[in-house]
Peer 1: 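Have a look at this one before I ask anything.
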Protein chains: 2
Amino acid sequence: MKRIAESTVRRLSIYLRFLEESENRGLATISSQELARRGGTTSAQVRKDLSFFGSFGKRGLGYSVPELSASLRDILGLRRTWNVIIVGAGKIGTALAQYRGFRQRGFIVSAVYDRDPRKIGTVWESLTVRDVAGIEKDIDAAAPDIAVLAVPGEEAQGIANRLVKAGVKAILSFAPTQIHTPADVTVRSVNMAMELEGLSFALTSRDRNGAEDGLDSASR
Amino acid sequence: MKRIAESTVRRLSIYLRFLEESENRGLATISSQELARRGGTTSAQVRKDLSFFGSFGKRGLGYSVPELSASLRDILGLRRTWNVIIVGAGKIGTALAQYRGFRQRGFIVSAVYDRDPRKIGTVWESLTVRDVAGIEKDIDAAAPDIAVLAVPGEEAQGIANRLVKAGVKAILSFAPTQIHTPADVTVRSVNMAMELEGLSFALTSRDRNGAEDGLDSASR
DNA sequence: CGGAGCTTGTGAATTGATTCACAAATTATG
DNA sequence: CATAATTTGTGAATCAATTCACAAGCTCCG
Ligand SMILES: NC(=O)c1ccc[n+]([C@@H]2O[C@H](COP(=O)([O-])OP(=O)(O)OC[C@H]3O[C@@H](n4cnc5c(N)ncnc54)[C@H](O)[C@@H]3O)[C@@H](O)[C@H]2O)c1
Ligand SMILES: NC(=O)c1ccc[n+]([C@@H]2O[C@H](COP(=O)([O-])OP(=O)(O)OC[C@H]3O[C@@H](n4cnc5c(N)ncnc54)[C@H](O)[C@@H]3O)[C@@H](O)[C@H]2O)c1
């Protein structure tokens, strides 16, 4: 099977979100053009993205909203639920653990870990913060699919190593440092400082170059 | 001036973070190779990225850590501080407002807004949550550089419109919806559900294709 | 039923990003 | 000081992603 670009996968997520919204509004069909308009891309891009996985539309008509929704959920692996653990019960870990958007899409937070004795044992909505010392044993027993890293930057690589050794194959990191893992472990990272620096760069270079040098109008 | 790719700017941020770490450890020089190893890329990529902005190294020796740090801060617009406001004093807005990493890099949160009367007026570390109704007046007076959007998805576009109208030129959104703005406003978005879906896709397609189809070993 | 009007799916062309590869510059060494 | 060992900076080549452009399929309407 062809290798799918990360940018394509990101767009599929965007299309799916808009499709679900359209589904709720009772819309029956949608064109690549409309999908593109809302997703900040072009209709050719939408069709090309979908074409990697098959042929989902009807010429002259567009795509059936419920069918394309279902196909995208299938492609993205969202027909099942995923068992997620969070390491680091700090400010960001807490926000994530309580975020309803995850559960709605099938990402079930099953455990939260920390190393601070003052946090271990505290309870948030049916989740008890556990001691990170026992994480390997827990991973062995429960085989979580995805681990979210919400520990300070200096700790992140060390925890990632432990997670990988214990068998975790997918990591979402919020640490502002690069995480290195073997090739069979997928890592995504969200680096908020980097995003702000991207804005700082854009604002600065806009000024430097005098006239507006307009980047995209829709967010990536 | 040449248009700089977003991927290049992201990598510059990564290089800078590692350079600052090296600076703290007292390292005097560093090679493109070492920078690449830590940043999860190649030495040619590092040199190419830097070459868009000038020539910073010494052949045979590498780059002076403090000089390259300073140049990158300059390029990224980090010699000044930036005035940041946060809209939405919920779970994620709270975490962000208290995050020390932002201030350390010169992003100063000057105000937080919400529309919930129970939240308006509450104080977090010297910041009082203000009523979003008055945000236009405040923007007029204080001209914040960057607005962080931490409101529910349904509210995000509406707030973005108000911000743009009031003159904001850079937005960092955490809403899981696409934000559309005129071309002279830069938007970055952090969509955590999308990141998890990317992991779901990777795990699923790995399974589907039997053998490992290894993506990158270093996070993007 | 036939033609006008859309819209998909997809090779081909184009644009963009990364990697290669090597001359030029510098340091280290004997 | 000459030679070996590094490492940068950058055109050229390659690889990847996006856009173009159009044949083919479907609907709708008279
Ligand atoms: N708070 C934010 O808004 C924000 C924004 C961007 C990035 N981040 C990043 O997210 C990470 C967490 O940030 P935070 O603000 O939540 O920090 P925090 O200090 O509030 O929380 C970190 C938590 O991790 C725990 N911890 C530390 N080492 C650990 C270990 N080895 N094992 C298990 N738990 C450990 C600490 O006890 C603490 O509870 C950091 O890397 C930070 O840079 C946070
Ligand atoms: N909590 C998380 O970990 C998390 C993770 C990913 C994404 N997000 C996204 O971040 C956003 C905020 O999430 P949250 O979990 O903090 O939600 P939340 O409900 O805790 O907070 C949202 C806040 O926005 C305020 N608000 C609503 N409409 C407003 C308006 N028009 N003007 C000003 N304030 C308004 C609400 O009063 C509330 O305080 C959402 O879009 C969510 O999808 C959150």
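In this text, all values refer to a predicted model and were calculated from it rather than measured experimentally. These values consider heavy atoms only, across backbone and side chains, with no hydrogens, waters or symmetry-generated copies.
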Peer 1: If you assign each of B:Lys48 and B:Ser31 to its closest nucleotide in DNA chain D, which residue comes earlier from the 5' end?
Peer 2: B:Ser31
Peer 1: Choosing from C:dG11, D:dT27, C:dT19, which nucleotide comes nearest the side chain of B:Gln45?
Peer 2: C:dT19
Peer 1: Is a donor from one side chain sitting under 3.5 angstrom from an acceptor on the other, for A:Gln157 and A:Asn161?
Peer 2: yes
Peer 1: Just compare C:dA17, C:dA21, D:dA17 and give me whichever is closest to any side-chain atom of B:Ala5.
Peer 2: C:dA17
Peer 1: In whole Å, I'd like the distance from the CZ atom of B:Arg37 to the C1' atom of D:dT7.
Peer 2: 17 Å
Peer 1: For C:dT19, take OP1 and OP2 only and decide whether either is under 4.0 Å from a side-chain N or O of B:Thr42.
Peer 2: yes
Peer 1: Please report, rounded to the nearest Å, how far the P atom of D:dC26 is from the CZ atom of A:Phe56.
Peer 2: 17 Å
Peer 1: In terms of side-chain heavy atoms of A:Tyr63, which of D:dA17, C:dG9, D:dT8 is nearest?
Peer 2: C:dG9
Peer 1: Send over the distance from A:Leu50 CG to C:dT10 P, rounded to a whole Å.
Peer 2: 11 Å
Peer 1: To the nearest angstrom, how far is A:Tyr15 atom OH from C:dT8 atom P?
Peer 2: 12 Å
Peer 1: With sugar-phosphate meaning primed atoms plus P, OP1 and OP2, does B:Thr8 contact a base, only sugar-phosphate, or nothing at under 4.0 Å between heavy atoms?
Peer 2: nothing
Peer 1: Below 4.0 angstrom from OP1 or OP2 of D:dT8, is there any side-chain N or O of B:Ser32?
Peer 2: yes
Peer 1: So, are B:Glu34 and B:Arg38 salt-bridged, with charged N and O less than 4.0 Å apart?
Peer 2: no
Peer 1: Look at the side chain of A:Ser7 and decide which nucleotide, out of D:dT27, D:dA17, D:dT8, has an atom nearest to it.
Peer 2: D:dA17
Peer 1: Select from A:Gly60 and A:Asp49 the residue whose nearest nucleotide in DNA chain D is closer to the 5' end of that strand.
Peer 2: A:Asp49
Peer 1: Quick one: which of D:dA12, C:dT8, C:dG9 gets closest to the side chain of A:Ser55?
Peer 2: C:dG9
Peer 1: Using a strict cut-off of less than 4.0 Å between a Lys/Arg side-chain nitrogen and an Asp/Glu carboxylate oxygen, indicate whether A:Glu6 and A:Arg10 qualify as a salt bridge.
Peer 2: yes
Peer 1: Of the listed nucleotides (D:dG9, D:dT7, D:dA21), which one gets closest to any side-chain atom of A:Ala44?
Peer 2: D:dA21
Peer 1: Is the closest side-chain donor-acceptor distance between A:Ser13 and A:Arg17 under 3.5 Å?
Peer 2: no
Peer 1: For the pair made of CZ in A:Arg47 and P in C:dT8, what is the distance, rounded to whole Å?
Peer 2: 6 Å
Peer 1: Grab the CG-P distance between A:Leu35 and C:dT7 for me, whole Å please.
Peer 2: 13 Å
Peer 1: Send over the distance from A:Lys58 NZ to D:dA24 P, rounded to a whole Å.
Peer 2: 20 Å
Peer 1: Let's test your reading of the model: under 3.5 Å, does the base of C:dT8 pair with the side chain of A:Arg59 as donor and acceptor?
Peer 2: yes
Peer 1: So if I apply the side chain to side chain contact (heavy atoms under 4.5 Å, CB included) rule between A:Glu197 and each of B:Leu78, B:Val9, B:Ile14, which one comes out positive?
Peer 2: B:Leu78
Peer 1: Roughly, in whole Å, what's the span from CZ in B:Phe52 to P in D:dG11?
Peer 2: 11 Å
